[in-house]
Amino acid sequence: MAELRTAVTGDSTVPVVVPGGDRDSRFARRLIIAGATILSVVALVAVFAPLLSPWGETEIDPANTLVAPGGNHLLGTDGNGMDIWSRMLYAARLDLGIALAAVALAVVVGTLLGLIAGYFGGWLDDVLMRVVDIFQSFPTFILALAVAALLGNGTINLIITIAAVNAPAYARLVRAEVRSLRELPFVDAAITSGASPVGVLWRHLLPNSLTPVRVIAPLNCGWAMLTLAGLSFLGLGVSIPEAEWGAMISLGAADVVGGRWWTSVPPGLALFVCVLGFSLLGEGLQDRANAKRR
Amino acid sequence: MLSIENLSVLIRRPGRQVAALSNVSFSVRPGEVVGLVGESGGGKSMVARAIVGLLPGGSHATGQVLFDGSDVLRMDDTALAAHRGRGVAICFQNPRGALSPTRTIGKQLVDRLATHQEMSGAQAREAARELFEAVGIRSPQRRLDAYAHELSGGMAQRVMISLATGCAPDLLIADEPTTGLDVTLTREILRQFRHAADTDGRGVLLISHDLASIAEVCDRVVVLYAGTVVESGPAEQVLREPAHPYTRALLRSVPDVGGRPVVATPGAMPLLTQAPENCPFVARCAHADGTCSSRRPATKPLAGGRGDWSLACFHPQTRPLDAGAPSTSPTTAEAGAEPAEADRKPAVLEIDDAHVVYRSRFGSGGHHALRGVTLRLAPGETLGVVGESGCGKSTLAKLIMGLVAPTSGTVTVAGQALVKQPGRPRPRGRALRRARTRAQLVFQDPIGSLSPRRPVGDSIAEPLRAAGLSPAERNARVAAVLDRMELDRSILQRYPHELSGGQAQRIGIARALVGEPNLIVFDEPTSALDVTVQAQILAVIADVAADADRASVFISHDLATVRGFADRVVVLYLGQIVEEGPVDVVFDNPRHPYTRALLGSAPRLGGTAGSDGEAVELVKDLEEADAATGCPLAARCPFVTDRCRAERQELQSYGESRAACWRVPELPALIGRQAVTP
Amino acid sequence: MRIFRFVVRRLLQLIPVLLGVVVLAFLLVRVLPGDPVRSILGPNASAEDAEAARVRFGLDKSLWQQFLDYLGGLVTGDFGTSIQSGNSVGSEMALRIGPTLELVVIAVTIALVVATVLGVWSARRANRLGDHSVRMFALAGNSVPEFWLGLVLVLVGYSILGWFPAPNGRVDPDTNLTPITGADLVDAVLTANGPAFASAAAYLALPVLTLVVGVVAPLLRSVRASALEVLHSESYAAAQAHGLRGRTLHYGYLMRATLVRLPSLAALVFGTAIGSTVLVEYVYSWQGFGQWALRGLLYRDYPVVQASVLVIALCYVLVFLIADVVHAILDPRVRL
Amino acid sequence: ADSGNKPKDGASGGPAAKTLRIAVSSYLSSWDQDFVGFDLTALMLYKNVFPYLIDYGVTTASGSQILDTQNVTPTFAESFQPDAEQKVWTLKLRRGVKFASGNEMKAADVKWSKDRAFAAQANVAGVYRTIGLTSADQVKVVDDYTVEFHQAFPSALTRQIQAISLYVFDSVEAKKHATASDPWAKEWFAKNPPTGGYYNVTKANQGQEIELSANTDYPGPDPAKTPTIRISVVPAASNQRLQLQAGDVDIALGISQRDIQDLKKTPGIKVISAPSNRQVAIQMSVTAAPFNDVNIRKALAYAVPYEQIISNVYGGDARAAKSTVPLDMPGHDDNGYPYAHDIDKAKAAMAAAGRSSLDSELVFESDNEEQQKIAVQVQSEAAKAGIRLKLTPLDPATLGERRTKKNIPLQITSGQLWVDDIEYMLATSFVKGANLNYSNYSNPEIEQIYEKSHTTVDTAARNALWKRVQEILAADVPWVVICQPNFNLPVRESVAGWVQPMDGLARLRYLSASA
Ligand SMILES: Nc1ncnc2c1ncn2[C@@H]1O[C@H](COP(=O)(O)OP(=O)(O)OP(=O)(O)O)[C@@H](O)[C@H]1O
Ligand SMILES: Nc1ncnc2c1ncn2[C@@H]1O[C@H](COP(=O)(O)OP(=O)(O)OP(=O)(O)O)[C@@H](O)[C@H]1O
Ligand SMILES: [Mg+2]
Ligand SMILES: [Mg+2]
């Protein structure tokens with residue numbers, strides 16, 4: 001509700017205009033569009049990386065290590081003589097892939113747990129939630145290292161690690177949602193219409209409990225990418241020499257001090273933009289959801 | 001004091017535009033109670049907002065809202081700040097939502113007192129206590145430290161009134177102060193406003209969708225339809241002989257305890273994007289002609305009308321609203337013959353001494369919601385269940401549907417137990433699911449009872465799926481039931497939020513009907529709906545309830561709606577049946593003081609019913625009455641004796657009805673005395 | 001009293017969780033490949049030497065026996081002996097946890113204050129330029145990897161501008177700070193050591209900034225959203241319509257209602273911040289808990305890993321407990 | 001303020017600074033050298049705070065001062081001499097050497113220290129086996145200042161081995177803290193740094209900073225030159241560089257290779273360079289497929305891009321290998337070492353093995369940037385010869401375990417031997433079961449030569465043996481020696497007196513700085 005703005009005129013036929021209205025949702029839409037655009041560009045880059053990059057993902061130009069941008073190498077090369085520009089493009093594949101896959105896995109596992117815990121309640125709920133507590137309170141990087149050490153440090157394991165770290169949040173979210181949905185009349189309506197428990201869960205509670213998940217998931221994707229970068233920095237990321245932004249940044253981070261910004265700034269920007277894309281999308285979705293609630 | 005002149009509000013949003021108000025004019029004088037009535041979306045709240053200068057963003061307002069001579073729409077910030085609270089104070093539509101959840105209500109009141117009456121801390125607290133007392137809050141000292149969520153609806157409304165009066169305004173606005181409250185409270189709250197006008201000389205603007213309930217306390221009424229004033233005038237006359245077809249339609253939509261039948265008006269209010277060019281009611285009006293649809297009638301004083309009675313209509317009606325309405329409806333006429341016949345068939349529903357206790361999650365104890373209810377319902381019979389909010393009506397519905405298990409006692413639906421009951425077998429798996437479909441429930445919240453992310457077609461077909469029908473059969477049955485509900489097929493693909501309340505409730509009834517159940521329970525199916533839509537849905541329900549081989553239970557806190565089509569009625573109080581019998585017997589000759597109290601507080605249009613003198617006033621709110629050992633009503637009953645307090649009476653037969661009260665024989669005499677010494 | 005009962009009940013609920021964490025950590029470190037004793041023995045050690053070392057640390061016993069010994073130790077507050085340093089894990093941890101907690105607590109507190117002030121400010125100017133810029137800055141800050149931000153801040157703040165001390169520790173050794181709790185600011189206050197306080201604060205500035213930038217966005221987003229919700233709520237409109245103004249309106253009707261939902265998110269953010277310290281500590285040579293735990297993990301120092309997992313989990317659940325209590329205090333609707 | 005008259009410590013100018021600041025990459029794991037603690041930072045500190053009774057001398061090589069591993073001289077000891085049979089070695093202690101507690105160092109301290117070492121069954125006990133010392137009885141106290149070591153057999157390595165093992169605890173102080181369950185005062189030594197060396201530890205904040213003060217009571221040659229040395233832990237190499245550039249540290253021990261190239265050009269900083277005998281190599285498992293085939297080992301040896309690695313990884317600051325034995329090691333011989341980068345020969349060798357391609361795994365240390373880069377370059381070139389390598393970085397614990405299991409097909413190793421001698425090299429790396437023999441290599445002839453070398457004391461005879469050893473190793477190629485990187489240390493220009501440690505453990509006593 002906005003305040004009336006003064007229009008000091010005696011004429012009662014001149015409308016008094018109250019500012020405001022829907023700018024909220026307009027901005028939310030812009031955020032969503034901006035985020036979606038960024039992400040589509042990144043996705044396109046990921047798909048067409050081989051066409052866009054003059055060098056291979058791990059191709060070495062031995063005569064030209066750490067050369068500055070220009071000439072044969074659009075963004076210069078790193079300490080191994082690999083082309084930054086090409087690696088930066090290829091990295092979109094791994095980064096997007098891992099983030100999306102990890103979040104998807106987390107959503108599936110977390111939602112399932114949350115549904116079961118929230119719907120059946122009782123001891124099952126208690127046990128599941130305690131398990132979720134355990135996982136949630138377990139330090140991320142120890143979990144990551146454990147998974148990496150157990151399964152070797154491959155892409156799949158990174159996905160598992162990041163999913164394991166995120167799944168508890170979804171479990172909680174969905175559980176809370178299911179618990180409040182369970183009290184709503186439509187659930188009673190389904191039961192009295194003879195729906196089986198699985199039917200109620202699957203056809204009624206699941207679709208309705210996913211609303212907050214949809215809002216959180218994009219934000220979470222961005223966060224997953226940052227986690228991936230952090231793991232790379234700790235040497236727990238993707239295996240050398242695959243191209244991944246976080247790994248590129250952490251490899252090149254030390255170069256910045258010596259003035260060789262190109263090894264880490266471009267992948268840093270790429271990561272930043274991509275995470276920002278997810279954040280914008282998430283923020284927009286959240287805005288829209290909030291506006292709907294009001 | 002308040003004079004609204006030619007006020008129009010257009011709300012502009014990209015992609016949509018609403019003409020919320022079009023050329024509204026009326027005034028409120030000090031000491032006067034003016035009622036503003038009309039259907040939902042008619043623009044009532046918008047008027048209130050314009051008066052306090054809180055129009056929504058994107059509003060374009062023209063015209064004037066003159067308050068003591070200055071135009072609220074054009075006030076600057078300081079003038080507005082002085083105007084709000086001190087000049088006009090508003091009681092919001094949803095009192096619990098309008099109270100800040102994180103501040104004690106005492107502090108909220110003190111804030112108002114400090115701001116507008118420049119009181120200091122201790123002084124303000126004392127004044128707050130007194131104000132609470134004045135609006136009928138018991139143990140006000142303790143309540144000062146309560147939070148909004150700890151209050152019942154009635155209590156919250158009282159607090160809201162005290163907050164508004166705490167600002168010491170010249171004009172008090174109450175936006176739907178009684179929606180959601182039950183009949184006994186409604187009366188009490190409305191009286192508070194009359195009181196404010198009479199003793200403090202404040203102007204009062206009472207907003208409601210329900211003409212009948214506010215009629216009693218208003219001096220004048222203004223009827224709003226689609227943002228236009230269609231009729232305004234002295235309350236008494238407008239209500240008795242409304243001249244505008246819309247006002248008449250509104251009044252006819254409201255059921256009456258006296259038994260006057262509800263007449264439904266088809267159609268719904270248009271959503272205007274511009275100030276109307278024609279009469280906005282034209283599409284629903286029986287008297288409409290070419291003029292009505294080409295021109296918009298000007299507001300003119302009514303020829304021959306007394307006072308400032310004016311209306312905007314080309315065809316003012318003059319006949320009284322319901323001359324010679326039959327006092328009994330056809331369905332109830334058969335009622336007397338039915339029980340004997342019903343006894344022979346196997347009962348559809350049998351409840352035997354059922355108790356329900358809601359256990360609290362931690363610790364012991366719990367809430368005893370039903371205390372020994374015994375019921376029997378035969379096919380074809382319609383049972384009305386009435387009682388105040390919180391008396392256990394919904395619990396009874398859930399008990400029947402097998403959504404709660406009885407703590408003791410038994411419930412049998414179509415010969416089967418739906419939940420685990422002590423010492424009885426119950427079906428499992430598919431058999432249980434089929435058994436469940438034998439009884440169906442129609443919910444109070446029509447939209448909320450539909451799964452939000454499923455097309456409604458899915459929801460309707462749900463019982464058929466449980467019965468294991470093939471998709472083709474399902475489609476046929478769904479199509480049939482849609483026809484009966486007069487709904488278009490295209491609605492099946494829609495989602496619940498795309499439906500109007502009336503449509504959603506038709507869907508709800510369709511879902512209940514589609515599986516041909518033996519029993520349908522209606523739990524306050526119309527209380528969330530708009531007045532004219534209510535009338536439409538009640539007509540549908542009456543039709544459904546009349547199906548010969550199906551039993552129905554109709555739950556309502558409003559006795560009048562029950563009267564229309566129930567054969568028998570039970571009156572529930574604190575989880576117990578206090579009176580029971582054929583509907584006309586109970587309504588025309590109530591035995592229990594509680595039944596009398598309920599009947600007494602039911603709104604009635606000026607003098608239609610004649611039992612006013614016999615009304616029983618209960619002394620306290622429901623929540624303050626704790627059922628101890630004796631009669632559950634003991635704490636609130638004006639006729640209470642020591643015996644009532646110590647011992648509970650069982651249901652006793654009095655003619656065709658039964659009641660549980662020690663003092664039934666003496667009551668008529670007692671009531672006479674109470675009327676003399678209140 | 002009700003709060004007390006609630007806390008006790010919640011503490012009891014923590015027992016299975018912590019027990020689960022203990023079991024999981026215990027098993028996890030043991031199924032990890034890698035031999036903890038090899039790294040302390042040096043290349044010339046024979047198999048017998050290795051066996052002797054294993055015996056010294058009780059690693060020759062059965063898994064069950066080791067677990068029972070460990071549990072027994074925990075009950076008496078003994079976290080075991082570090083394989084790497086031969087020191088008691090408890091005393092090493094005591095030195096490490098203080099600094100890290102100090103860092104995280106300060107950062108989260110600042111983030112909370114900033115988020116609250118800016119969030120409410122932003123909500124009041126919803127959809128104007130100021131609001132948009134605040135949100136965009138927060139989002140941008142949230143989209144940069146912490147270690148990268150840290151390195152850049154070091155480069156700019158220390159090397160180029162020279163405003164901040166070298167990233168080589170937590171306090172200038174010349175101030176002769178006597179460690180008591182390990183949290184330097186606290187110790188400086190306790191020992192009334194002014195120069196040490198100044199120095200510790202200067203050393204804290206950049207790491208805190210790094211963490212704050214990393215975590216402020218979700219908090220800000222949440223505060224803004226709930227402030228907006230309150231501003232649009234009927235209860236706020238009612239207070240406005242009744243002519244309440246200024247401080248009464250702001251503090252009585254806006255702030256508390258806005259902050260009600262913040263504690264649980266703050267707890268979550270606290271958890272993330274604890275996780276991020278590993279990186280921040282590395283960048284700022286802040287030999288704290290995260291570095292200690294990471295090193296323990298890399299060398300499979302079983303007792304160290306077990307203890308650090310347990311302590312992080314404990315911090316985490318306690319912070320959540322505190323958040324719930326604060327929430328209950330702020331929000332009268334919460335039933336305890 | 002010019003103070004040119006004051007005596008200079010060979011530094012470039014200014015008065016001697018009281019404090020020297022050194023940045024290291026990690027905190028030491030423990031102060032107890034017998035039982036735990038086995039990281040380079042720890043070992044370096046031990047060298048400076050334990051009284052080591054004998055140590056290497058100093059010599060000058062190609063313009064810089066280096067430790068002379070051939071010349072082991074008494075420091076805290078008066079003398080250390082063998083009998084005629086070279087089996088009994090007599091150690092005479094210097095009088096007046098005091099621990100921080102004020103206790104004088106006596107023979108009983110040496111005896112207690114050796115008893116403790118044997119009891120620990122780690123570290124010293126392990127290396128003593130190579131010179132025939134296996135039990136505490138072999139160490140005998142003669143009088144308060146004389147101890148005898150009775151070896152089971154004579155050894156040419158005794159001086160070298162004792163140089164790294166003869167450190168002494170303050171046993172009088174230690175016994176005060178010993179308990180029945182902890183007779184060797186492990187708990188006390190885990191917390192309390194040893195005393196009596198060139199430096200005493202005056203402050204040690206867990207994880208952060210260590211302050212060393214010169215031991216002014218040291219009565220022997222070469223006392224510590226700088227009164228106070230502060231060692232701070234800075235894990236990020238780039239931060240070490242920044243601090244060195246800003247003058248906040250004087251010496252940075254953990255700077256990465258490419259930063260060193262930059263720092264050579266940075267004013268105010270000098271990079272001390274010296275050839276070193278640190279070897280970087282790929283050890284190939286000779287007992288597991290596919291590298292059990294000598295031709296495939298040769299293929300890899302030809303496929304490694306030596307020059308490319310030297311220039312890309314070390315910025316040219318490394319020497320190519322000419323033999324499996326390090327370049328400057330006595331007895332080094334580069335005759336007949338054929339391996340240089342040549343993909344055609346590599347393919348030919350593959351063909352000789354009957355393979356056109358194969359898959360394998362190259363393991364390296366996960367936090368080692370140098371090894372990681374080498375791995376990438378090797379992977380890229382080896383692929384050209386049909387050897388497809390999966391790169392597997394391993395953390396220390398996993399690496400340690402897999403090494404004991406001997407199941408790593410290829411691994412990058414790097415390091416320098418503590419003893420600059422081929423017999424020691426064979427003992428540690430090439431005889432069956434040797435600890436650093438990750439290749440699982442064994443060759444009967446090498447075993448024979450090794451046996452013979454124990455008793456061969458004559459230099460020419462030894463060199464003849466070593467020549468044969470190198471021929472055999474070149475033919476068997478258990479290792480691909482990649483290069484021998486030079487030692488580089490960036491310091492502030494004010495720092496002087498650095499002595500290049502051939503064992504990689506800095507002797508801080510020689511360091512000085514001008515203020
Ligand atoms: N904030 C808003 N933005 C846009 N349109 C609005 C807004 N508030 C109300 N309207 C529209 O203005 C019209 C009048 O609304 P108003 O709330 O005054 O109706 P009402 O008579 O009070 O109805 P109810 O009985 O449901 O409270 C409706 O058509 C509604 O949709
Ligand atoms: N799930 C529950 N747990 C605990 N108490 C409950 C529960 N449901 C209802 N109650 C309590 O039981 C009593 C009866 O509730 P019920 O909903 O049956 O009343 P009602 O007559 O339908 O009221 P209304 O007219 O407000 O719908 C109320 O006091 C209510 O607070
Ligand atoms: Mg309204
Ligand atoms: Mg109900």
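In what follows, chains carry the letters A, B, and so on, assigned in the order in which the sequence lines appear, proteins first and then strands, with residues in each chain numbered from 1.
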Enquirer: Which atoms of A/Gln136 come close to chain C, meaning under 4.5 Å heavy atom to heavy atom: side chain ones, backbone ones, both, or neither?
Expert: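 Contact with chain C is through both the backbone and side chain of A/Gln136.
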Enquirer: So which heavy atom on C/Val21 is nearest to which on A/Ser137, and how close?
Expert: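 Closest pair (atom of C/Val21, atom of A/Ser137, distance): CG2-OG, 3.8 Å.
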Enquirer: With a 4.5 angstrom heavy-atom cut-off, could you sort out which part of A/Thr227 is near chain C: side chain, backbone, both or neither?
Expert: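 Nothing of A/Thr227, per the 4.5 Å heavy-atom cut-off to chain C.
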Enquirer: What's the separation between atom CG in C/Leu279 and atom CZ in A/Phe233, rounded to the nearest 0.5 Å?
Expert: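 The distance works out to 6.5 Å.
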Enquirer: Roughly how far, to the nearest 0.5 Å, is CG of A/Leu226 from OG of C/Ser276?
Expert: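 The distance works out to 9.5 Å.
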Enquirer: So, taking the atom named NE2 in C/His132 and the one named CG in A/Leu31, what distance separates them when rounded to the nearest 0.5 Å?
Expert: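 If I round to the nearest 0.5 Å, the distance is 8.0 Å.
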Enquirer: Taking all heavy atoms of A/Ile142 and all of C/Ser308, pick out the closest pair and write down the distance.
Expert: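 Closest approach of A/Ile142 to C/Ser308: CD1-OG, 4.1 Å.
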Enquirer: Just so I understand: if I count every heavy-atom pair under 4.5 Å between each of A/Gly277, A/Gly246, A/Gly268, A/Ser264 and chain C, which residue has the most?
Expert: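 Top count of heavy-atom pairs under 4.5 Å with chain C: A/Ser264.
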Enquirer: Counting only heavy atoms closer than 4.5 Å, note whether C/Val278 contacts chain A via side chain, backbone, both or neither.
Expert: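 For C/Val278, side-chain heavy atoms alone lie under 4.5 Å from chain A.
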Enquirer: Which bit of C/Leu28 is near chain A, if near means a heavy-atom gap under 4.5 Å: side chain, backbone, both or neither?
Expert: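 The side chain, not the backbone.
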Enquirer: Check whether any side-chain heavy atom of A/Ser250 sits under 4.5 Å from a side-chain heavy atom of C/Phe147, and report yes or no.
Expert: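 Yes, their side chains come closer than 4.5 Å.
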Enquirer: List the steps and the verdict of side-chain contact (heavy atoms from CB on, under 4.5 Å) for A/Asp287 and C/Arg221.
Expert: CA-CA 9 Å; A/Asp287 260 15; C/Arg221 182 188 301 129; over 6 Å; no
Enquirer: Go through the steps to decide whether C/Leu151 and A/Val256 satisfy the test side-chain contact (heavy atoms from CB on, under 4.5 Å), and finish with yes or no.
Expert: CA-CA 9 Å; C/Leu151 289 168; A/Val256 177; over 6 Å; no
Enquirer: Using non-hydrogen atoms only, which part of C/Leu297 is less than 4.5 Å away from chain A: side chain, backbone, both, or neither?
Expert: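 For C/Leu297, the contact with chain A is made by backbone and side chain together.
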Enquirer: Need one label for C/Leu268: side chain, backbone, both or neither, based on atoms under 4.5 Å from any heavy atom in chain A.
Expert: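 The side chain, not the backbone.
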Enquirer: Got a second to check how far A/Glu283's CD is from C/Arg224's CZ, nearest 0.5 Å?
Expert: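 Rounded to the nearest 0.5 Å, the CD-CZ separation comes to 7.0 Å.
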Enquirer: Which atoms of A/Leu276 are under 4.5 Å from chain C, going by heavy atoms: the side chain, the backbone, both sets, or neither?
Expert: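 Answer is both: backbone and side chain atoms of A/Leu276 are under 4.5 Å from chain C.
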Enquirer: Answer whether the closest heavy-atom distance between the side chains of C/Phe320 and A/Asp133 falls below 4.5 Å.
Expert: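 The answer is no, as the side chains (C-beta and beyond) never meet within the 4.5 Å cut-off.
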Enquirer: Please flag which part of C/Thr272 lies under 4.5 Å from any non-hydrogen atom of chain A: side chain, backbone, both or neither.
Expert: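 For C/Thr272, the contact with chain A is made by the side chain alone.
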Enquirer: Does the side chain of C/Val309 reach to within under 4.5 Å of the side chain of A/Pro139, using non-hydrogen atoms?
Expert: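 Yes - at least one pair of side-chain heavy atoms lies under 4.5 Å apart.
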Enquirer: Using the test side-chain hydrogen bond (donor to acceptor under 3.5 Å, both in side chains), find all partners of C/Ser122 that sit at least two apart in sequence or belong to another chain.
Expert: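 For C/Ser122, the residues satisfying side-chain hydrogen bond (donor to acceptor under 3.5 Å, both in side chains) (neighbours in sequence not counted) are C/Asp131.
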Enquirer: Going through the checks in order, is the side-chain contact (heavy atoms from CB on, under 4.5 Å) test met by A/Phe272 and C/Trp148?
Expert: CA-CA 11 Å; A/Phe272 172 77; C/Trp148 171 240; over 6 Å; no
Enquirer: Given that the side chain runs from C-beta out, which part of C/Ala217 has a heavy atom under 4.5 Å from chain A: side chain, backbone, both or neither?
Expert: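 Contact with chain A involves no heavy atom of C/Ala217 at all.
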Enquirer: Identify which part of A/Val132 has an atom lying under 4.5 Å from any heavy atom of chain C, answering side chain, backbone, both or neither.
Expert: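 Contact with chain C is absent: no heavy atom of A/Val132 under 4.5 Å.
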Enquirer: Below 4.5 Å from any heavy atom of chain A, which atoms of C/Tyr236 appear? Answer side chain, backbone, both or neither.
Expert: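 Neither the backbone nor the side chain of C/Tyr236 comes within 4.5 Å of chain A.
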